[in-house]
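The block underneath contains the structure these notes are about, expressed in structure tokens.
Every chain is numbered from 1 and lettered A, B, ... according to where its sequence line falls, protein lines coming before strand lines. No hydrogens, no waters, no symmetry mates; every other heavy atom, side chains included, goes into these values. What you are looking at is a predicted structure, and each value in this text was computed from that prediction instead of being measured.
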Amino acid sequence: MHDLRTLRDNIETLREGMRRRGKLAQYAPAIDRAEALESGRRRLIAQVEEKKAARNANAQEVGRRKRAREEAGELVARGRVIGDEIAAIEGELGGVEAELGEILLGIPNLTLPEVPAGDESHNTVVRSWGIPRAGAGVPPHWETGAKLGLLDLERGAKVSGSGFIVYRGMGARLQRALMNFFVDLHTREHGCEEVWVPFAVSRASMVGTSQLPKFEEDMYALRDDPLYLVPTAEVPVTNLFRDEILEAADLPRALCAYTPCFRREAGSAGKDTRGLLRVHQFDKVEMVRLATPETALDQLELLTGHAERLLQLLGLPYRVVLLAAGDTGFGSAKTYDLEAWSPGTGTWLEVSSCSTFGDFQARRANIRYRPAPGEKPRFAHTLNGSGLAFPRTVACLLEHHWHDGRVTIPDALRPWLGADALG
RNA sequence: GGACAGGUGGCUGAGUGGUUGAAGGCACCGGUCUCGAAAACCGGCGUACCGGUAACGGUAUCGAGAGUUCGAAUCUCUCCCUGUCCGCCA
């Protein structure tokens with residue numbers, strides 16, 4: 001969410017930000033409307049506060065006269081009139097604030113200057129690691145997964161519907177291995193505190209990290225309770241600190257959590273849906289960091305490096321892509337996608353997305369820190385990145401390490417899986 | 001799910017519907033005293049928003065929201081949360 005001050009003093013930067021995302025036409029009406037509402041809001045506040053001052057003074061005088069046993073009838077009548085006027089103005093103000101708040105929640109974050117303007121065709125590969133394997137002769141992961149008895153897509157569909165996966169045998173065990181491998185590495189070597197969080201969260205939490213109100217149709221909502229299944233651990237973990245004031249000495253703060261992730265994937269039906277490429281429920285270990293504005297960008301590099309390290313240990317070639325403004329997520333100010341090579345499908349698969357949100361989420365979730373004892377709190381910066389999402393990582397493992405029907409398990413993962421090959 | 005009991009400032013803890021933004025205490029900051037410190041004493045000590053260059057003025061804020069009233073921390077209703085007991089349950 002943007003600061004109301006931006007609306008007043010810097011509205012051109014807001015327009016420029018939307019232009020860089022290639023979405024000025026989409027958001028210009030909202031920005032114009034918000035600007036008008038904000039000036040109206042201030043006018044109404046001035047009016048209503050003036051009336052309230054009059055009401056308070058009047059009520060005080062009534063009290064004084066009653067104590068002095070003087071006549072106060074005409075003041076009581078006057079108070080009644082003022083009260084009616086206040087109610088009228090407040091009604092109008094309430095409407096303005098409700099609409100303004102709704103608009104503000106729906107405007108995406110500004111991207112940082114180093115983020116390329118334009119749509120995804122302006123995404124930039126900033127570095128890569130490993131040598132992508134030629135695809136010839138490498139079966140796609142869904143074939144290997146089925147042949148080795150690791151995946152059961154048909155029964156997943158039977159139990160829940162398409163996009164829900166059943167893992168069996170060593171395939172199931174691989175999920176547990178990845179969870180423990182990732183979390184242990186982050187806690188032991190990347191300075192993260194491990195947390196285990198609720199998988200269903202309140203609406204307020206979803207608004208805090210900016211999934212709502214804009215992306216309601218992508219979320220699974222529970223029928224009888226005002227709760228949503230988490231689309232990513234980012235939501236419960238970041239919201240751990242909602243409405244809190246942290247000490248600067250505690251920043252940067254790093255956490256990680258395993259959660260399942262639930263996504264309706266509305267609007268993406270038919271795209272990349274084979275095998276494990278796009279599913280409604282998947283598992284992921286997420287890293288979340290809270291930082292001061294001064295250190296946030298360094299923290300983003302650090303976080304991205306931690307995710308990269310996992311791919312290196314898994315021996316999976318990947319590239320790091322700086323997303324262009326138009327491809328950067330709603331709340332993000334700067335995002336690196338990590339794309340691992342899938343020889344079986346001949347594509348790069350997004351296995352991690354590492355972002356800094358600036359103070360965009362912190363303002364929504366009211367997450368602040370005190371720069372020094374006695375100083376005023378400021379909004380913290382929030383960051384997060386996958387480390388890593390399981391399904392596409394598994395897909396790449398099953399393809400990149402496939403040799404003559406067997407899948408070699410990378411050394412780093414063997415202790416966790418308890419096997420050095422599948423098949 | 002049921003029955004009680006509670007939610008007041010950084011903490012603690014008062015608060016008969018009328019100068020209560022809120023006593024007292026603790027903590028914190030400044031000062032006096034002292035060679036220095038402690039103690040004692042004196043003073044200060046929330047946040048957000050609106051207007052103003054500023055000084056300053058105003059509004060809101062006692063879990064949240066609605067209501068009664070000229071006026072609500074105080075009365076009414078709804079909701080949330082916490083505690084205790086009971087029931088149910090992995």
Side-chain angles (χ1 to χ4, degrees), chain A residues 1-11 34-105 196-208 212 221-228 236 239-251 260 359 362-380:
Chain A
M1 181 161 68
H2 297 285
D3 195 341
L4 278 178
R5 255 179 278 275
T6 308
L7 226 44
R8 297 212 290 267
D9 308 333
N10 256 325
I11 194 148
E35 186 180 27
L37 287 169
E38 164 58 9
S39 72
R41 185 185 77 98
R42 276 188 298 163
R43 196 187 68 244
L44 291 169
I45 286 175
Q47 285 176 17
V48 80
E49 289 191 349
E50 191 183 327
K51 294 287 182 194
K52 282 182 175 178
R55 177 198 65 190
N56 291 349
N58 186 66
Q60 209 151 85
E61 177 61 14
V62 172
R64 194 195 64 73
R65 288 200 189 177
K66 293 221 165 169
R67 275 195 305 279
R69 299 176 197 235
E70 296 171 11
E71 176 55 38
E74 84 280 10
L75 290 186
V76 169
R78 184 166 158 245
R80 207 168 290 153
V81 171
I82 298 174
D84 289 345
E85 291 171 342
I86 290 173
I89 301 171
E90 278 190 332
E92 194 181 344
L93 180 61
V96 167
E97 289 189 326
E99 187 185 349
L100 181 58
E102 201 170 315
I103 289 174
L104 237 38
L105 287 175
W196 192 277
V197 291
F199 301 157
V201 298
S202 67
R203 190 176 172 85
S205 289
M206 293 289 256
V207 171
L212 293 183
L222 302 194
R223 193 193 61 191
D224 291 331
D225 295 287
L227 292 171
Y228 296 82
N239 276 285
L240 249 26
F241 303 99
R242 197 172 72 229
D243 295 322
E244 293 196 17
I245 299 175
L246 307 162
E247 293 306 319
D250 295 334
L251 299 178
D359 63 9
R363 182 169 279 114
R364 290 174 164 239
N366 192 28
I367 301 172
R368 294 174 293 171
Y369 74 101
R370 204 178 293 283
E375 279 189 44
K376 283 176 63 162
R378 300 169 62 192
F379 288 113

- Query: Once you round to the nearest 0.5 Å, how far does CZ of A:R242 lie from CD of A:E244?
  - Reply: 10.0 Å
- B:A73 and B:C81, which share atom name P, separated by this distance in whole Å: 25 Å
- Item | side-chain contact (heavy atoms from CB on, under 4.5 Å) between A:N239 and A:V197, worked out | CA-CA 10 Å; A:N239 276 285; A:V197 291; over 6 Å; no
- Query: Using the P atom in both, what is the distance from B:G46 to B:A22, to the nearest Å?
  - Reply: 10 Å
- Task: Would you kindly give the CG-to-P distance between A:L7 and B:C50, to the nearest whole Å?
- Result: 12 Å
- Query: Which value, in whole Å, describes the distance between the P atoms of nucleotides B:G67 and B:A60?
  - Reply: 16 Å
- Item | A:V48 vs A:I45, nearer the 5' end of RNA chain B by closest nucleotide | A:I45
- By side chain to side chain contact (heavy atoms under 4.5 Å, CB included), A:P260 pairs with (sequence neighbours left out) A:F199, A:Y258, A:F262, A:Q281, A:D283
- How many Å lie between CD on A:E50 and P on B:A60, as a whole number? 14 Å
- Task: Please identify each residue that fulfils salt bridge (Lys or Arg N to Asp or Glu O under 4.0 Å) with A:D3, with sequence neighbours left out.
- Result: A:R5, A:R363
- Task: For nucleotides B:C29 and B:C35, find the distance between their P atoms and express it as a whole number of Å.
- Result: 24 Å
- Drop me the distance from A:R364's CZ to A:L104's CG, to the nearest 0.5 angstrom. 8.5 Å
- Message: Suppose we screen for salt bridge (Lys or Arg N to Asp or Glu O under 4.0 Å). Which residues come up paired with A:E70, at least two apart in sequence or across chains?
- Response: A:R64
- Message: I'd like to compare against my own output: the B/S/- annotation of nucleotides 67-83 of chain B with a strict under-4.0 Å heavy-atom distance to protein.
- Response: ---BS------------
- Starting at CG of A:N366 and ending at P of B:C49, how long is that distance when rounded to a whole Å? 11 Å
- Message: What's A:R67 touching, base or sugar-phosphate or nothing? Going by heavy atoms closer than 4.0 Å.
- Response: sugar-phosphate
- Item | With A:E74 via salt bridge (Lys or Arg N to Asp or Glu O under 4.0 Å) - residues at least two apart | A:R65
- Task: Give, ordered by number, those residues of residues 87-97 of chain A having at least one heavy-atom distance below 4.0 Å to an atom of RNA chain B; if nothing qualifies, reply none.
- Result: none
- Message: List the residues meeting salt bridge (Lys or Arg N to Asp or Glu O under 4.0 Å) with A:E38, not counting sequence neighbours, and say none if there are none.
- Response: A:R8, A:R41, A:R42
- Message: Taking side chain to side chain donor-acceptor pair (under 3.5 Å) as the definition, give me every residue that meets it alongside A:R78, ordered by chain and number, with sequence neighbours left out.
- Response: A:N58
- Message: If I pick the P atom on B:G36 and the same atom on B:A48, what distance separates them, to the nearest angstrom?
- Response: 38 Å
- Can you tell me how far C1' in B:U61 sits from the matching atom in B:G7, rounded to whole Å? 16 Å
- Message: Whole angstroms only, please: what is the CD1-C1' distance between A:I245 and B:G46?
- Response: 11 Å
- Can you tell me how far C1' in B:C80 sits from the matching atom in B:G63, rounded to whole Å? 8 Å
- Query: Can you tell me how far the CG atom of A:L75 sits from the CD atom of A:Q60, to the nearest 0.5 Å?
  - Reply: 12.5 Å
Donor-acceptor contacts under 3.5 Å from residues 221-228 of chain A side chains, at least two apart:
from   : atom 1 : to     : atom 2 : distance (Å)
A:Y228 : OH     : A:R203 : NH1    : 2.9
A:Y228 : OH     : A:E216 : OE2    : 2.6

- Item | Atom-to-atom span, NZ of A:K52 to C1' of B:G21 - whole angstrom | 16 Å
Side-chain donor-acceptor pairs of residues 81-101 of chain A under 3.5 Å, sequence neighbours excluded:
from  : atom 1 : to    : atom 2 : distance (Å)
A:E85 : OE1    : A:K51 : NZ     : 3.1
A:E90 : OE2    : A:K52 : NZ     : 2.8
A:E99 : OE1    : A:R33 : NH2    : 2.9
A:E99 : OE2    : A:R33 : NE     : 2.7
A:E99 : OE2    : A:R33 : NH2    : 3.3

- Item | A:R363 CZ - B:A48 P separation (whole Å) | 13 Å
- Message: Expressed as a whole number of angstroms, how long is the span from A:D225:CG to B:G1:C1'?
- Response: 13 Å
- Task: For RNA chain B, produce a single dot-bracket line, 5' to 3'. Pairs: Watson-Crick or G-U wobble, both distances under 3.5 Å. Symbols: ( ) within strand, [ ] crossing, | other strand, . unpaired.
- Result: ((((((((.[[[..)..(.....]]].(((((.......))))).((((((....)))))).[[[[[..)....]]]]])))))))....
- Counting any heavy atom closer than 4.0 Å, what does A:R8 reach on the DNA or RNA strands: base, sugar-phosphate only, or nothing? sugar-phosphate
- Sugar-phosphate only, base, or nothing, as touched by A:R5 at under 4.0 Å among non-hydrogen atoms: sugar-phosphate
- Contacts of A:D243 that satisfy side chain to side chain contact (heavy atoms under 4.5 Å, CB included) - sequence neighbours left out: A:N366
- Item | Rounded distance (Å) that lies between atom C1' of B:G51 and atom CZ of A:R42 | 10 Å
- Message: Distance check, P atoms only: B:C45 and B:U20, in whole angstrom units.
- Response: 16 Å
